[in-house]
There are 2 protein chains.
Amino acid sequence: MLEEPNESPMKSSPKQAENHVYSISDLSREFGITTRAIRFYEDRGLLSPERRGQARIYSPEDRVRLKLILRGKRLGFSLDESREIIEMYDPAHGNVEQLQRLLQGIEQKRAQLQQQLRDIQSLMGELDEAESRARASLAKNISP
Amino acid sequence: MLEEPNESPMKSSPKQAENHVYSISDLSREFGITTRAIRFYEDRGLLSPERRGQARIYSPEDRVRLKLILRGKRLGFSLDESREIIEMYDPAHGNVEQLQRLLQGIEQKRAQLQQQLRDIQSLMGELDEAESRARASLAKNISP
DNA sequence: CGCCTGCTTTACGTTTACGTCAACGTAACC
DNA sequence: GGTTACGTTGACGTAAACGTAAAGCAGGCG
């Protein structure tokens, strides 16, 4: 666990409520991924942690971003897609045209998610049927 | 469009209700994928169409399988995963032990789909928030 | 007959998302 | 001061899912 190098034993300058930080292996352990993967996400522009010398130090915000990346992976998104989605959160879009493109992107993602919802619904139903058939077949094979 | 070579002008032997078949380009057009992709799915064991000479001819069942593959892709499944799911449908599992492994696999997939559902729910909510912020920012920028 | 269209196989190339060393830096500790 | 733990930057390797020619066969047609 990465610890703050407190010069004095007192909590130095509690300027913010959360000054918790993570090392790269902290995050790799927590999420069950390799440090290589985390560095790769940084390479692809999805993370940009602070540095203490050479070492990366991750803020709680970085940790949230990582969670969003992994959620995106569970939904089958590419890293580029996840990056786009994450960029939809921060309000770094002053331009009107950009805001409209953002709204368009949001609408697109929403449509995709609705399609995924439909896909999941049908797959769930089909799994139910498959389970029924399997259970019936089991009952027949166990007590013939 | 691939047509049956009817020796006689009469519909020869209507032994089955559906004797519709598809060429590989029929399917590629219908689903907006390349023939290369379809052949690749066959190579990976997801399809096994009949042959008329060298040419592949696809039945309605093959077409359904292809639809299942593409649905799997939308959900972020690998071709191996999609193959496993498709194999859950057909009742080619006589052995009791295999049936139990099948039930296990079904349960696993169900858990994964439920996780995806949760992920989609939260992402949808976050998209709503992002849209609100964008609209607010737009209103501010348009009539300051 | 030659050409076109559609299909085939073979094979090498590409992108994504990392895995896997290698070689090195640094801080702690015994 | 050597070792151990953890970190770093390359650099090369790899699996998945195709893309992209290249070269050839089969049938229809003007």
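Just the heavy atoms: all of them, side chains too, but no hydrogens, waters or symmetry mates, feed the values below. Protein chains get the first letters and strands the later ones, always in sequence-line order, with residue 1 at the start of each.
For A/Thr34, no side-chain nitrogen or oxygen approaches OP1 or OP2 of C/dC18 to under 4.0 Å. Between B/Tyr41 and D/dA17 there is no side-chain N or O to OP1 or OP2 distance below 4.0 Å. For D/dT9, the OP1/OP2 oxygens have a side-chain nitrogen or oxygen of A/Arg56 closer than 4.0 Å. At the phosphate of C/dC7, neither OP1 nor OP2 sits under 4.0 Å from any side-chain N or O atom of B/Thr35. At least one side-chain nitrogen or oxygen of B/Lys73 sits closer than 4.0 Å to the OP1 or OP2 atom of D/dC18.
Taking atom CZ on A/Arg39 and atom P on C/dC18, their separation rounds to 14 Å, with Å as the unit. Following rounding to the nearest Å, B/Ile69 (CD1) and D/dC18 (P) show an atom-to-atom distance of 9 Å. Distance, B/Asp43 CG to D/dG19 C1': 15 Å, rounded to whole Å. Atoms CZ (A/Arg74) and P (C/dA17) sit 16 Å apart, rounded to a whole Å. Atom-to-atom, CG of B/Asp26 to P of C/dC7 comes out at 7 Å; the value is rounded to the nearest Å. Counting to the nearest Å, the C1' atom of D/dG10 and the CD atom of A/Gln54 are 12 Å from each other. Rounded to whole Å, atom C1' of D/dG10 lies 15 Å from atom CZ of A/Phe40. Counting to the nearest Å, the P atom of C/dC18 and the CG atom of A/Leu66 are 11 Å from each other.
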For residues 62-70 of chain B, tabulate all N or O donor-acceptor pairs below 3.5 Å that involve a side-chain atom, not counting sequence neighbours.
residue: B/Asp62; atom: OD2; partner: B/Ser59; partner atom: N; Å: 3.0
residue: B/Asp62; atom: OD2; partner: B/Ser59; partner atom: OG; Å: 3.3
residue: B/Arg63; atom: NE; partner: B/Glu30; partner atom: OE1; Å: 3.1
residue: B/Arg63; atom: NE; partner: B/Glu30; partner atom: OE2; Å: 3.0
residue: B/Arg63; atom: NH2; partner: B/Glu30; partner atom: OE2; Å: 2.6
residue: B/Arg65; atom: NH1; partner: B/Leu46; partner atom: O; Å: 2.9

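Nearest nucleotide to the side chain of A/Ile24, out of D/dT8, C/dA17, D/dC18: D/dT8. Of the candidates C/dG19, C/dT9, D/dT8, C/dT9 carries the atom nearest the B/Arg51 side chain, counting heavy atoms from C-beta on. Among the nucleotides D/dG7, D/dA17, C/dC18, the one closest to the side chain of A/Ser25 is D/dG7.
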Atom pairs under 3.5 Å, N or O on each side, protein against nucleotides 12-14 of chain C: can you list them with distances?
none

